[in-house]
Amino acid sequence: MQNCGVRSDVCVYPILMKSVGKVAVELHAHVLKMGYGCDVYVRNTMMGVYVKYGPIEVARKLFDEMSEKTVVDWNSMISGYWSWGCGVEACELFDLMPERNVISWTAMVTGFSKMRDLKSARRVFDEMPEKSIVSWNAMISGYDKNGFAEEAIRLFTEMVKSGFQPNEITWVKVISSCSSRGDPCLAGALVKMMDEKRAHLNYFVKTALIDMHAKCGSLETARKIFDELGVHKNSVAWNTMISGYTRVGDLISAKELFERMPEKDVVSWNSMIAGYAQNGQSARAIELFQEMATTKESKPDEITMVSVISACGHLGALELGNWVVNFITQNQIKLSISGYNSLIFMYSKCGCMKDARKVFQEMATRDVVSYNTLITGFAAHGHGSEALELMLKMKDEGIEPDRVTYIGVLTACSHGGLLEEGCEVFDSIEDPEVDHYACMVDLLGRVGKLDKAKELIERMPMSPHAGVYGSLLNASRIHKRTDLGELAANKLFELEPQNSGNYVLLSNMYASRGRWEDVERVRKAMRQGGVKKTTGWSWVEYGGKMHKFIVGDRSHERSSDIYQLLTELRKKMRAAGYIADKSCVLRDVEEEEKEEMVGTHSEKLAIAFALLVSEAGSVIRVVKNLRVCWDCHMAIKMISALEGKEIIVRDNNRFHSFSKGQCSCNDYW
DNA sequence: TTAGGGTTAG
């Protein structure tokens, strides 16, 4: 630099400053040392660098040192304050401005929108002496970003009426608002209007259109626009199309595009992983995450981890979950509220309420979801009073309970047998919804007040859904009220004729009373209606891996050992005289599987595997999809009695601990 | 050569 002339030296500083960004401080020191600190051009640029990279206070110092400030300087400083979240300082400067232009006003609109203060943004917008297309776009964008799609569309209509011609950016924002509404009629009207106004479709507009069509139910149109983009598609277009497919559960098409993508970014991975996680394919979600971590094409971020943590939760895979937590720490992935919320969910689902509560307590700020997740966790484990306490705490902290909170608390009361408290909560709900009624029917039913439950159903202001009658049916089973069970089941056969669970429950109720003709009648109805007993995979976590089993499955590497163990158990059971038991369970097994006492239900395969791999006397962790149906329950009881081992089984939300043939469970059985 | 608005994942 020593060889350069003075003039060219000064010219080079602004360019250098912008390119170095974070080391601007050293450069600034150098500039001052060289005596160029007074140059207007250099100083303005330097201020711009501090506005962008901070500290914002230094930018302000430079601003204050300016002898003649132009409106540009004021605007720079104001938008700088906004981008650092300093709304108060931005407002102060705006009030002090000797003259404002449309850019100053627009910066204020954008600033308030960024701080989610739409009221102030709109106030400034309405007060503007003149508006530009950018001002309109800023306000529309503010509404859209903060989830006020209706307002955005309304303002857009107003804008068109007042004679402004929308530009590409306007279209992008209006299309985006339309997407979040998911309304095909609105989407159609917008497309028509764009056509009439001869809207210019640039890349952003086309991508936004793909998203809108995908979200408004027209994947074909979305795909057509996507294909027409040709070979030079950027990752945003690919990602939009991929999530369009995952949203409707078409994971095959999504994966196909994902594989074909030339360059995947973090959003591509996140879309695909979330796609699996949200469509019940938790194991695939985790597998893909592991692939992502191995290939290192993109670095996983918080959004990735939220999907993965929640997938672990759904699987009840605690060992894996802890590994993921470790991964987050090692890779220094910063978690926000939603990240912590997903951890609460995972620990709750894995039955570790202590850890769930610990995460909750360590959070600096919590939202309604944090509370709801922990409350729902307590509910699932029958911790009624903890759930109630938490609801009071959230009110104290100024967070209003919502419908999910009430469902959680009522369920907690129900599982914890807190009748009085539950009734009190229910009475406090301003406008109880059908789900809240279902919870109350469950609560009344479980404590044995079945007639009261039936009365409540009759008094409901809306028509009861399957959940309401499902609760009644379950309570009727527990308290052996065949009359009400029949009533509930018959309603359920109308409401959800294909749900095999209802038939099975009623059939089991008859069976427990020895009413075999009725059992046969229900089974016949099931056969005639073409209702198939639903089967699913059962999962066991062992050695940090998930093992899955399904009826009749022989794909597991230890399959022959598993079947051998089952055969041995069968023999032991016969020898122990269980064959003579005339309970419905054995009858069920005998009829359906003829030979095998312990059949090849997915649950039984999973339990046999767990028995196989566990040390004698250890606790076996059986997770996910072990619907502890009646016959499975009996089978585990027998196995635990025969083998003298303790078995802990997780039903969807409950834990059952079997030891020496006895089941201790926090729920009614 | 400094000031305001744009698409995807939770």
Side-chain angles (χ1 to χ4, degrees), chain A residues 11 14-15 17-18 40-49 51-52 63 66 69-80 82-83 100-111 113-114 124-125 128 131-142 144-145 166-176 179 202-212 214-215 226 229 233-244 246-247 254 264-275 277-278 298 300-310 335-339 341-342 369:
Chain A
C11 280
I15 300 162
M17 284 168 185
K18 266 194 266 172
V40 180
Y41 183 29
V42 173
R43 202 189 44 201
N44 281 1
T45 318
M46 204 65 231
M47 189 186 109
V49 171
V51 157
K52 199 170 170 192
F63 175 81
M66 290 175 176
K69 297 180 188 76
T70 65
V71 66
V72 177
D73 300 317
W74 286 87
N75 289 347
S76 277
M77 197 60 231
I78 287 174
S79 57
W82 280 120
S83 64
R100 299 164 180 152
N101 63 11
V102 66
I103 296 176
S104 332
W105 286 91
T106 309
M108 294 303 283
V109 172
T110 313
S113 308
K114 211 180 267 170
V124 174
F125 180 78
M128 286 178 83
K131 293 180 178 71
S132 69
I133 180 72
V134 182
S135 328
W136 284 96
N137 290 348
M139 195 64 231
I140 292 172
S141 170
D144 180 61
K145 258 189 225 143
N167 67 9
E168 282 100 329
I169 295 173
T170 325
W171 290 122
V172 167
K173 290 320 300 179
V174 180
I175 294 167
S176 150
S179 309
N202 69 7
Y203 206 96
F204 284 105
V205 179
K206 282 181 187 165
T207 312
L209 278 172
I210 295 174
D211 189 48
M212 181 183 78
K215 283 182 179 153
F226 174 80
L229 287 178
K233 284 185 275 282
N234 69 9
S235 64
V236 180
W238 285 91
N239 298 340
T240 308
M241 201 60 231
I242 288 171
S243 47
T246 61
R247 205 173 291 117
K264 301 176 189 69
D265 60 15
V266 65
V267 180
S268 327
W269 288 94
N270 288 352
S271 307
M272 206 57 232
I273 292 171
Q278 285 159 15
S298 315
D301 63 5
E302 189 196 2
I303 297 172
T304 324
M305 300 328 291
V306 167
S307 292
V308 177
I309 296 167
S310 121
L335 296 187
S336 67
I337 296 185
S338 59
N341 289 349
S342 66
V369 181

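Below, each value reflects all heavy atoms present in this structure, side chains not excepted, and no hydrogens, waters or symmetry copies. Sequence lines set the chain letters: A, B, ... in the order given, protein chains first and strands last, and positions in each chain run from 1.
For A:K145, a side-chain nitrogen or oxygen approaches OP1 or OP2 of B:dG6 to under 4.0 Å. The phosphate of B:dT8 has neither OP1 nor OP2 within less than 4.0 Å of any side-chain N or O from A:R247. Residue A:K52 places no side-chain N or O under 4.0 Å from the OP1 or OP2 atom of B:dT2. Of the side-chain N and O atoms in A:S141, one or more sit less than 4.0 angstrom from OP1 or OP2 of B:dG6.
When distances run from any side-chain atom of A:N270 to the nucleotides B:dA9, B:dG4, B:dT7, the shortest one goes to B:dA9. Closest approach to the A:S338 side chain among B:dG10, B:dT8, B:dG4 is made by B:dG10 (side chain taken as heavy atoms from C-beta onward). The listed nucleotides are B:dG4, B:dT8, B:dG5; the one nearest the side chain of A:N137 is B:dG5. Closest to the side chain of A:N202, out of B:dG6, B:dA9, B:dG4, is B:dG6. Distance from the side chain of A:S76 is smallest for B:dT2 among the nucleotides B:dA9, B:dT2, B:dT7. Residue A:V306 places its side chain closer to B:dG10 than to any other of B:dG10, B:dG6, B:dT7.
Remark: A:E302 engages A:S336 in a side chain to side chain donor-acceptor pair (under 3.5 Å) (not counting sequence neighbours). With sequence neighbours excluded, no residue forms a side chain to side chain donor-acceptor pair (under 3.5 Å) with A:S271.
Spacing between atom CG of A:N101 and atom C1' of B:dT2 amounts to 13 Å, rounded to whole angstrom units. Note: CG (A:N167) to C1' (B:dG4) measures 12 Å, nearest angstrom. In this structure, the CH2 atom of A:W105 is 16 Å from the C1' atom of B:dA3, given to the nearest Å. Distance A:I309 CD1 to B:dA9 C1': 15 Å, rounded to the nearest Å. Per the geometry, CZ belonging to A:F125 stands 13 Å off C1' belonging to B:dG4, to the nearest Å. In this entry the distance linking CG of A:D144 with P of B:dG5 reads 15 Å, nearest Å.
The base of B:dG5 lies outside donor-acceptor range of the side chain of A:T170, with no N or O pair under 3.5 Å. Side-chain to base pairing of A:T207 with B:dT7: one donor and one acceptor N or O lie within less than 3.5 Å of each other. Applying the 3.5 Å distance criterion, the base of B:dA3 shares no donor-acceptor pair with the side chain of A:D73.
Under the 6.0 Å cut-off for aromatic ring centres, A:F125 and A:W105 do not qualify, their centroids lying 6.0 Å or more apart.
The two residues A:S298 and A:W269 come nearest to each other via the heavy atoms OG-CD1, 3.4 Å.
Within the nucleic acid shown, A:E168 comes within 4.0 Å of at least one base atom, counting heavy atoms only. A:D265 comes within 4.0 angstrom of nothing in the nucleic acid, heavy atoms only. The residue A:K264 sits apart from the nucleic acid: no heavy atom pair falls under 4.0 Å. Nucleic acid contact for A:S104: none, since no nucleic acid atom lies under 4.0 Å from a heavy atom of the residue.
Both the sub-6.0 Å distance and the 45° axial angle are not jointly satisfied by A:R100 relative to the ring of A:W74.
A:I210 places none of its side-chain heavy atoms less than 4.5 Å from the side chain of A:K206.
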